[in-house]
Amino acid sequence: MASYETILLERRGAVALLTINRPEKRNALNIQTRREGAAALDELREDESVRVVVVTGAGDKAFIAGADIAEFEGRTANTQREVMLGRSLFTAVDSFPKPLIAMVNGYCLGGGCELAMACDIRIASDKASFGQPEINLGIIPGGGGTQRLTRLVGEGKAMELILTGDIIDAQTAHTIGLVQMVVPASDLEAKTMELANRIAEKSPIALRLAKEAVRIASRSNLDEGLRREVDLFALCFSSEDKDEGVRAFLEKRKPQFKGR
Ligand code: COA
C-alpha cells in the first residue's frame with residue numbers, strides 16, 4: 001500500500017475507507033490532497049479485494065469545505081485552467097468503476113459538494129450542511145457543480161443554490177434529492193458501513209455494469225441509453241456470477257459471487 005500525507009486509506013474487508021485528512025483546514029482540497037486522492041483511487045481500482053469505497057472527511061466538523069482557497073491567490077487563468085484540465089480528483093472519482101459512497105460528516109461545500117455529487121450515493125449526518133458558495137469568492141463551481149447539481153436537483157434549485165451561495169442543512173439536501181439518506185451523526189459510520197457491506201456482497205461485475213448503465217442515463221438520450229443498457233445487460237450473461245446468482249435463486253440459497 002502506498003503512503004499518503006493528506007489522506008488516510010483503510011481496508012475493512014471488502015470496503016475501503018478513503019478519508020480526506022486535513023481537519024485543521026476543514027479538509028479543504030489542495031493540490032497534494034487531490035493528487036493523493038486520485039492515486040489512492042487508482043490503487044483501489046486495481047485491488048480486487050475492494051468492492052466498495054466510502055469517501056469521508058477527518059474530524060467531526062467537515063466532510064470537505066471545498067477547494068483550498070489559499071491556492072487561488074495570485075493564480076492566473078492559464079495556470080488554473082491547466083490545473084483543472086489535468087487528470088483531477090473529480091475525473092478519478094467520475095471514472096471509478098466500483099461503487100463509491102460519500103459519507104458526509106459535516107461541511108460539504110464547493111469542491112466537497114462536487115466530490116460528493118461525483119460519488120454514486122450520498123449518506124449524510126444530520127449535522128452536515130451543503131452548498132456551492134463559490135459565488136461569494138467571485139468565482140463559480142468548477143468541479144462539475146453546475147452540471148451535476150442541476151442533474152440531481154433540477155435547474156431551478158441548482159440556480160438558487162449556485163447564485164446565492166446559500167448553505168442548506170442535511171434535511172433540506174435530502175428533500176431536494178441531493179442526498180439519499182440522513183442519519184443521526186452518531187449512527188453515520190455504522191449505517192454507511194452497513195450499506196457499503198450490503199452492496200459489497202453483490203457481484204462486482206454486475207455492480208460495475210449497473211453503475212455504467214445508470215451513469216449513461218444522464219449523459220445520453222433515451223434511445224442511446226436503452227440500447228447501451230441492452231448491451232450491458234447481455235454482457236452480464238458472460239459472467240460466472242450470473243450463473244451463480246440464477247442457480248442460487250433456484251436452489252433457494254444465498255449466492256457467492258466471485259467477480260468472474
Ligand atoms: N480553503 C482553505 N482553507 C479553509 C477552507 C477552504 N475552503 N475552509 C476552511 N479553511 C481553513 C480556515 O482558513 C481556517 O484556517 P486557519 O485556522 O489557518 O485560520 C481553518 O480552515 C478553520 O476554518 P474556520 O473558518 O475557522 O472554521 P469554522 O468551523 O468556523 O467554519 C467553514 C468552517 C467551512 C464554514 C468556513 O471555514 C468556510 O466558510 N470555508 C470556506 C468554504 C468555501 O467557500 N468553500 C468553497 C471554496 S471554492
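Sequence positions, counted from 1, serve as the residue numbers for this chain. In listed order, ligands and their atoms are each counted from 1.
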Counting non-hydrogen protein atoms only, what is the nearest one to [atom]? Give residue, atom name and distance.
| atom | answer |
| --- | --- |
| atom 1 (N) of ligand 1 | Ile69 N, 2.9 Å |
| atom 8 (N) of ligand 1 | Ala65 CB, 3.7 Å |
| atom 13 (O) of ligand 1 | Lys25 NZ, 4.8 Å |

[X] N/O to ligand 1 N/O under 3.5 Å:
| X | answer |
| --- | --- |
| Leu137 | no |
| Arg26 | yes |
| Phe72 | no |

Problem - Contact atoms of ligand 1, heavy-atom distance to Tyr107 under 4.0 Å - result: 29 (O), 33 (C), 34 (C), 35 (C)

Practice task
Give the numbers and elements of all ligand 1 atoms closer than 4.0 Å to a heavy atom of Glu24.
Solution key: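 The atoms of ligand 1 under 4.0 Å from a heavy atom of Glu24 are 20 (C), 21 (O), 22 (C).
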
My question is simple, although I want it checked carefully: is [atom] less than 4.0 angstrom from any protein heavy atom?
| atom | result |
| --- | --- |
| atom 25 (O) of ligand 1 | no |
| atom 19 (O) of ligand 1 | no |
| atom 42 (C) of ligand 1 | yes |
| atom 10 (N) of ligand 1 | yes |
| atom 30 (O) of ligand 1 | no |
| atom 38 (C) of ligand 1 | no |
| atom 15 (O) of ligand 1 | yes |
| atom 34 (C) of ligand 1 | yes |

Whether [X] side chain and [Y] backbone form a donor-acceptor pair below 3.5 Å:
| X | Y | value |
| --- | --- | --- |
| Glu114 | Gly143 | yes |
| Thr150 | Thr146 | yes |
| Asn27 | Arg22 | yes |
| Asn21 | Thr6 | no |
| Asn30 | Asp68 | no |

NZ/NE/NH1/NH2 to OD/OE distance under 4.0 Å, [X] and [Y]:
| X | Y | result |
| --- | --- | --- |
| Asp47 | Arg11 | yes |
| Glu201 | Arg51 | no |
| Asp120 | Arg215 | yes |
| Arg12 | Glu10 | yes |
| Glu212 | Arg219 | no |

Practice task
Just jot down the side-chain contact (heavy atoms from CB on, under 4.5 Å) partners of Ala40, sequence neighbours excluded, or say none.
Solution key: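 Per chain and number, Ala40 pairs via side-chain contact (heavy atoms from CB on, under 4.5 Å) with Tyr4, Ile7, Leu9, Leu18.
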
Problem - ligand 1 contacted by Gln132 (non-hydrogen, < 4.0 Å) - result: no

Problem - Residue selection (non-hydrogen contact nearest atom 2 (C) of ligand 1) among Ile135, Asp68, Ile64, Ile140 - result: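 Looking at heavy atoms only, Asp68 sits closest to atom 2 (C) of ligand 1.
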
Fill in the blank from the handout: Nearest heavy-atom contact between Arg34 and Leu89 is O-CB, 3.9 Å

Problem - Region of Glu134 engaging ligand 1 - heavy atom pairs below 4.0 Å - result: side chain

Exercise for the section: For ligand 1, note which part of Pro133 has a heavy atom under 4.0 Å away: side chain, backbone, both or neither. Expected result: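 The part of Pro133 near ligand 1 is the side chain, not the backbone.
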
